[in-house]
**Q** 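Before I ask anything, let me first share the structure, which is written out below as structure tokens.
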Amino acid sequence: MQEHNVDVAIIGAGSAGLSAYRAARKHTPSVLLIEGGSYGTTCARTGCMPSKLLIAAANAIHDARHVEPFGARIESGVTVDRHAVMQRVRDERDAFVASILDSIEAFPPEDKLRGQACFENATTLVVSGHTRIRFSRAIIATGSSPHIPKPLQAAGERILTSDTLFDLEALPESVAVFGPGVIGVELGQALARLGVRVRMFGRSGGVGGLQDEDLRSAAVRLFNEEFYLDPQAETHDIRGDGNGVSVTFTERDSGKRLTERFDYLLAATGRRPNLGELDLECAGIETGDKGTPLFDRHTLQCRNTEGRPSHIFIAGDVDHAEPLLHEATDEGRIAGDNAGRFPDVRVGYRRAPLTIVFSEPQIASVGRSRPEIEKTHVPGQDYAIGELSYENQGRAKVMRQNRGLLHLYGEYGTGLFLGAELVAPQAEHLGHLLAWAYQQRMTVRQMLDMPFYHPTLEEGVRTALRDLSAKLLLEPVMVDQCIECGPGA
Ligand SMILES: Cc1cc2nc3c(=O)[nH]c(=O)nc-3n(C[C@H](O)[C@H](O)[C@H](O)COP(=O)(O)OP(=O)(O)OC[C@H]3O[C@@H](n4cnc5c(N)ncnc54)[C@H](O)[C@@H]3O)c2cc1C
Ligand SMILES: NC(=O)c1ccc[n+]([C@@H]2O[C@H](COP(=O)([O-])OP(=O)(O)OC[C@H]3O[C@@H](n4cnc5c(N)ncnc54)[C@H](O)[C@@H]3O)[C@@H](O)[C@H]2O)c1
């Protein structure tokens with residue numbers, strides 16, 4: 001077995017690991033990046049990028065099929081080439097992956113090691129049985145993997161996850177999607193728009209990660225206009241064979257017990273941290289009840305078994321905190337910086353919470369969620385909700401995207417903007433606007449003092465802010481039609 005000594009060992013060359021590598025390298029040239037799978041990151045290979053490529057195809061085709069209300073007609077209809085759609089997803093995906101591979105290629109060869117790492121003790125890693133690494137500090141950045149609950153495993157070889165979907169040569173005819181979370185809603189709607197027969201089954205009532213019950217109901221209603229979605233489904237039996245999968249379930253509205261066959265079952269039922277292979281019990285760090293290391297969110301430092309800060313850090317999806325790309329790279333940067341400068345550890349900068357789901361309408365969550373706020377604030381007494389329905393919003397109507405709901409949360413007395421949730425057209429942009437306001441700790445009054453152009457979707461935010469302002473007793477109740485705002489504001 002080969003033996004090496006390094007200052008900083010990073011386990012996992014995904015987005016968090018790469019970001020950690022760059023940050024640690026500013027402090028010491030002795031940094032080793034260990035990768036057990038393929039280089040290229042989950043984001044580029046099987047996550048953010050291929051999913052958005054599939055969604056882009058689906059939305060383009062959906063829009064082409066809905067030009068008639070604008071006064072146009074596509075005479076022969078729109079035909080989907082099931083192979084070409086998937087080929088484009090893969091081609092573009094491969095280009096994103098290639099750009100990451102180029103960056104990694106440029107790292108000095110002595111900084112990289114291929115193989116599966118596991119802890120031998122608190123200062124030693126063994127990599128695929130071929131190399132022993134003695135390290136002063138380590139960063140766990142091993143990401144997460146799809147979790148497939150036991151009952152779904154009966155679908156056998158007909159199970160797809162986001163790890164395998166994009167490698168299908170052609171779009172299937174039909175898919176049963178389990179899990180209407182972020183991945184399920186994004187991919188399920190995209191497949192439906194591409195002409196795949198989709199039924200989507202949930203378990204706990206959740207949809208797209210939404211926390212506000214009113215928004216959840218609105219989302220379930222809106223998605224059901226396009227495809228079948230039961231967020232609290234009764235599924236009785238799942239059976240797979242070589243050709244497909246049969247699902248027996250009680251249909252949402254009719255109450256009928258049905259058995260339907262699908263080409264595949266897509267398991268979008270959550271992701272679990274990649275910790276199983278690490279032999280964490282040898283690392284001398286404390287773990288919580290789910291086996292995830294306990295760590296400080298601001299320093300990304302784990303705790304040793306005596307409860308003191310450890311020389312081992314954690315970053316990205318593996319910590320199971322905020323499994324999003326921008327959070328993974330921020331965490332990697334903080335963990336890398338701290339591992340590099342250890343023991344002079346610093347608090348890293350964390351941004352305002354922001355989540356975007358690329359469905360249509362899109363979903364965005366900003367700042368504190370309604371359940372989080374209600375842990376400390378009594379509704380109608382400590383906080384209020386400003387609301388806007390996009391059904392009659394001017395710009396949304398112009399574009400025929402007038403579907404959705406926006407909730408803004410604000411605090412009585414201080415007038416502070418606490419957070420927002422929205423299912424709305426182009427929520428990716430509105431969500432950013434609101435997240436920037438939240439991070440700046442703006443009040444509802446300060447937000448209303450910002451410019452709003454006419455006619456835009458942002459005017460809907462202004463209307464909700466006015467509603468919130470009135471409910472917080474900061475100004476009189478809004479008149480029905482704001483005269484100085486222009487039509488549809
Ligand atoms: C379908 C899908 C869509 C998504 N869309 C979005 C989106 O639109 N926006 C967004 O912000 N986020 C999105 N995400 C989430 C985002 O992709 C992740 O948050 C991010 O990729 C996590 O990066 P990471 O570095 O933690 O993990 P990864 O990129 O998975 O890196 C972990 C690496 O560690 C390696 N590894 C694991 N165990 C070991 C070991 N023992 N030894 C050595 N190496 C090991 C793995 O091979 C892997 O390369 C999406 C995720 C999915 C699945
Ligand atoms: N746009 C984005 O930023 C984006 C896109 C995709 C993924 N992601 C990240 O990936 C993470 C994982 O996404 P996900 O959608 O897999 O997880 P999730 O936790 O968002 O959703 C999982 C859903 O599956 C349901 N579920 C669990 N077991 C079930 C069962 N047996 N039958 C039916 N439903 C079941 C859960 O109730 C939940 O609604 C997300 O938390 C997100 O951070 C982000």
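Since the model is a prediction, treat every value here as computed from it, not as a measurement. Residue indices begin at 1 and follow the sequence shown. Atoms within each ligand, like the ligands themselves, are counted from 1 in listed order. Below, each value reflects all heavy atoms present in this structure, side chains not excepted, and no hydrogens, waters or symmetry copies.
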**Q** Within 45 degrees of the ring normal and closer than 6.0 Å to the centroid, is that where the cationic atom of Arg303 sits relative to Phe295?
**A** no

**Q** Taking only heavy atoms of Leu278, which atoms of ligand 1 are found under 4.0 Å from at least one of them?
**A** 41 (N)

**Q** Out of Ile356, Leu187, Asp317, who is nearest to atom 19 (O) of ligand 1 when you count heavy atoms only?
**A** Asp317

**Q** Quick one: look at Pro149 and ligand 2, take heavy-atom pairs under 4.0 Å, and tell me if it's side chain, backbone, both or neither.
**A** side chain

**Q** Scan Ile312, Asp319, Ile10 and name whichever one has a side-chain contact (heavy atoms from CB on, under 4.5 Å) with Ile140.
**A** Ile312

**Q** So if I count the atoms of ligand 2 from 1 in the order they appear, which ones are less than 4.0 Å from some heavy atom of Ile356?
**A** 1 (N), 2 (C), 3 (O)

**Q** One residue to check: Glu186. Relative to ligand 1, which of side chain, backbone, both or neither has a non-hydrogen atom less than 4.0 Å away?
**A** neither

**Q** Check each atom of ligand 1 against the heavy atoms of Ile11 and keep those under 4.0 Å away; list them by number with element.
**A** 40 (C), 42 (N), 43 (C)

**Q** Based purely on interatomic distance, does Ser15 place a nitrogen or oxygen under 3.5 Å from a nitrogen or oxygen of ligand 1?
**A** yes

**Q** Which of the atoms in ligand 1, numbered in the order shown and given with their element, are less than 4.0 Å from a heavy-atom of Ser51?
**A** 3 (C)

**Q** Looking only at heavy atoms, is any part of Tyr39 under 4.0 Å from ligand 1, and if so is it the side chain, the backbone, or both, or is it neither?
**A** neither

**Q** Heavy atom to atom 16 (C) of ligand 1, shortest distance: which of Gly47, Cys48, Ser19 holds it?
**A** Cys48

**Q** Using heavy atoms and a threshold below 4.0 Å, how should the contact between Glu186 and ligand 2 be classified: side chain, backbone, both, or neither?
**A** side chain

**Q** Would you tell me whether Asn121 and Thr123 have side-chain atoms, one donor and one acceptor, within less than 3.5 Å of each other?
**A** yes

**Q** Between Glu277 and ligand 1, which residue portion shows a heavy-atom distance shorter than 4.0 Å: side chain, backbone, both, or neither?
**A** neither

**Q** Which ligand 1 atoms, with their elements, are less than 4.0 angstrom from a heavy-atom of Gly115?
**A** 42 (N), 43 (C)

**Q** If you measure from each non-hydrogen atom of Lys52 to ligand 1, which part falls under 4.0 Å: side chain, backbone, both or neither?
**A** side chain

**Q** Please classify the Ser162 to ligand 1 contact at 4.0 Å (heavy-atom distances, strictly less than): side chain, backbone, both or neither.
**A** side chain

**Q** Using a 4.0 Å cutoff against the non-hydrogen atoms of Leu324, which atoms of ligand 1 qualify?
**A** 11 (O), 12 (N), 19 (O)

**Q** Suppose we measure from atom 41 (N) of ligand 1 to each protein heavy atom; which comes out shortest, and what is that distance?
**A** Ala117 O, 3.1 Å

**Q** So among Asp296, Leu300, Ile139, Val345, which one has a side-chain contact (heavy atoms from CB on, under 4.5 Å) with Asn338?
**A** Val345

**Q** Record the part of Leu325 in heavy-atom contact with ligand 1 below 4.0 Å; permitted values are side chain, backbone, both and neither.
**A** both

**Q** Gly209 near ligand 2, heavy-atom distance under 4.0 Å?
**A** no

**Q** Do Pro180 and ligand 2 have an N or O pair less than 3.5 Å apart?
**A** no

**Q** Look at atom 15 (C) of ligand 1 and find which of Gly17, Pro323, Ser145, Gly37 reaches it with the closest heavy atom.
**A** Pro323

**Q** Just which atoms of ligand 1 are under 4.0 Å from any heavy atom in Thr46?
**A** 1 (C)

**Q** Against Pro180, only a single residue in Leu229, Thr269, Val220 fulfils side-chain contact (heavy atoms from CB on, under 4.5 Å); can you say which?
**A** Leu229

**Q** Which of the numbered atoms in ligand 1 are below 4.0 angstrom from a heavy atom of Thr42?
**A** 21 (O), 28 (P), 29 (O), 30 (O)

**Q** Does the side chain of Gln362 come under 3.5 Å of the side chain of Ser359 through a donor N or O and an acceptor N or O?
**A** no

**Q** Is it the case that the side chains of Ser310 and Asn304 hold a donor-acceptor pair, with the cut-off being a distance below 3.5 Å and no angle test?
**A** no

**Q** For ligand 2, is there an atom lying under 4.0 Å from some heavy atom of Val182?
**A** yes

**Q** Under 4.0 Å from any heavy atom of Leu324, which atoms of ligand 2 are there?
**A** 3 (O), 43 (O), 44 (C)

**Q** Select one of side chain, backbone, both or neither to describe which atoms of Ala141 lie under 4.0 Å from any atom of ligand 1, heavy atoms only.
**A** backbone

**Q** Rounded to the nearest 0.5 Å, what's the gap from CG on Leu53 to CZ on Arg93? Could you check?
**A** 9.5 Å

**Q** Please identify which atoms of ligand 2 are closer than 4.0 Å to at least one heavy atom of Phe358.
**A** 1 (N)

**Q** Can you tell me which residue and heavy atom of the protein come closest to atom 15 (O) of ligand 2, and the distance to 0.1 Å?
**A** Ile183 N, 2.9 Å

